[in-house]
Amino acid sequence: MRKRCLIYVITALAGMAAVLNAETGNFGEVTVQIDDQPLQRFVAKSAVFYESVAIDYDTTVLVKSAPDTRTLYSPQLHQGTNFVLHLLLTFPGDTAAAHLPAYDVYFNLGDSLFEQLTFNNADSHAFLYTNGSLTPEKLYSRQQSGVFNLKPMEGNEGVAGSFDTEFEFPAPGVAGEYHRYHLKGSLSIPVTSMRVGDETNITQTDDQKKRLRRNLAIAVVISVFVILFALR
């Protein structure tokens, strides 16, 4: 009897995990071309959509190593008026084990998203870092062109659409050197991956909170039924 109960409880826990994590995984596919190199296909391992935020290098990391102190930079988000899309692009499979690059990309989409957004030689709207690295200088994109078509899903289920953009971004540690990046893809970002900025921090959207509460309630109901069945 105890063994059977244990099996049911394990099953219940697995079911709860499945319910709570049903919306994680691949958020879309993106192709990346750097300069004249061959085009590469990535998956969006993570995609987070921010509302009412600003992005810039307002926070630094100090690395102390006697006798010197180094300052390193990375993009930071805080309360503002813009929409920002943050993507973690990896090769399908285990990128780290294969020693393949992963790209951490931020796109500042401005303050009016839900129309076709067009860039025409815009500066400072994209931030791209390889393998999450920090840099000793503040790096800004330039000459960005392209379009973003990201719109709300039906029923406030999230944001979905496509984009096609290219821009130049500095080579870290090499003064005056830029590379041309062309990114194109489609995304489906559930409400659980949406955030909103406020005066103190960046929190879940109201829709996301409702979704998480609903998933938790479903998980609790599943566990109750399984436990009652196991104790029959």
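The first residue in the sequence is number 1, and the count goes up from there.
- Here the OG atom belonging to S46 is positioned 11.0 Å from the CG atom belonging to N26, to the nearest 0.5 angstrom.
- Side-chain N or O atoms of E137 include one that pairs as donor or acceptor with a backbone N or O of G173 at under 3.5 Å.
- Of all heavy-atom pairs between N121 and S145, the closest is N-OG, 3.3 Å.
- G158 and M194 make their closest contact through CA-SD, 3.8 Å (heavy atoms, listed as atom of the first residue, atom of the second, distance).
- Using bins of under 30°, 30° to 60° and over 60° for the plane-to-plane angle, the ring pair F167/F107 lands in the perpendicular bin.
- Under the rule for a side chain to side chain donor-acceptor pair (under 3.5 Å), R41 has no partner lying at least two apart in sequence or in another chain.
- Checked against side-chain contact (heavy atoms from CB on, under 4.5 Å), S124 has the following partners two or more places apart in sequence or in another chain: Y140.
- Closest of all the heavy-atom pairs between T165 and H182 is O-CD2, 3.2 Å.
- A distance of 9.5 Å separates CD in E157 from OG1 in T192, rounded to the nearest 0.5 Å.
- When the side chains of ILVMFWY residues are joined at heavy-atom separations under 4.5 Å, either directly or via intervening members, V48 and V84 end up in a single hydrophobic cluster.
- Y50 and L88 fall into different hydrophobic clusters, where Ile, Leu, Val, Met, Phe, Trp and Tyr side chains are chained together by heavy-atom contacts under 4.5 Å.
- At a threshold of 4.5 Å between non-hydrogen side-chain atoms, the residues P190 and F27 count as touching.
- For the side chain to side chain contact (heavy atoms under 4.5 Å, CB included) test with L87, the passing option among L128, L187, L183, D104 is L187; the others fail.
- In this structure, OG1 on T81 lies 5.5 Å from CG on D111, to the nearest 0.5 angstrom.
- Atom-to-atom distance recorded for L150:CG and Q116:CD is 10.5 Å, nearest 0.5 angstrom.
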* To do: Apply side-chain contact (heavy atoms from CB on, under 4.5 Å) to the pair Q33 and E166, showing each step before the final yes or no.
  => CA-CA 9 Å; Q33 185 174 24; E166 55 182 321; over 6 Å; no

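- A side-chain donor-acceptor contact under 3.5 Å links N131 to the backbone of A102.
- Taking the six-membered ring for Trp and the full ring otherwise, the centers of Y129 and Y103 sit at least 6.0 Å from each other.
- In plain terms, the two heavy atoms of F119 and Q144 that are nearest each other are CB-O, 3.5 Å.
- Both F42 and I34 are part of a single hydrophobic cluster, where members link through side-chain heavy atoms under 4.5 Å apart.
- The two residues H125 and D123 make their nearest non-hydrogen contact at CD2-O, 3.1 Å.
- Hydrophobic clustering of Ile, Leu, Val, Met, Phe, Trp and Tyr side chains at less than 4.5 Å, counting indirect connections, keeps V43 apart from I189.
- When every heavy atom of P101 is checked against every heavy atom of T130, the shortest pair comes out as CB-CG2, 4.0 Å.
- When the side chains of ILVMFWY residues are joined at heavy-atom separations under 4.5 Å, either directly or via intervening members, Y57 and V105 end up in a single hydrophobic cluster.
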* Applying side-chain contact (heavy atoms from CB on, under 4.5 Å), run through L109 and L85 and close with a yes or a no. => CA-CA 7 Å; L109 303 177; L85 175 63; 4.2 Å; yes

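- Between F148 and F163, the angle of the ring planes stays under 30°, which puts this pair in the parallel group of the 30/60° scheme.
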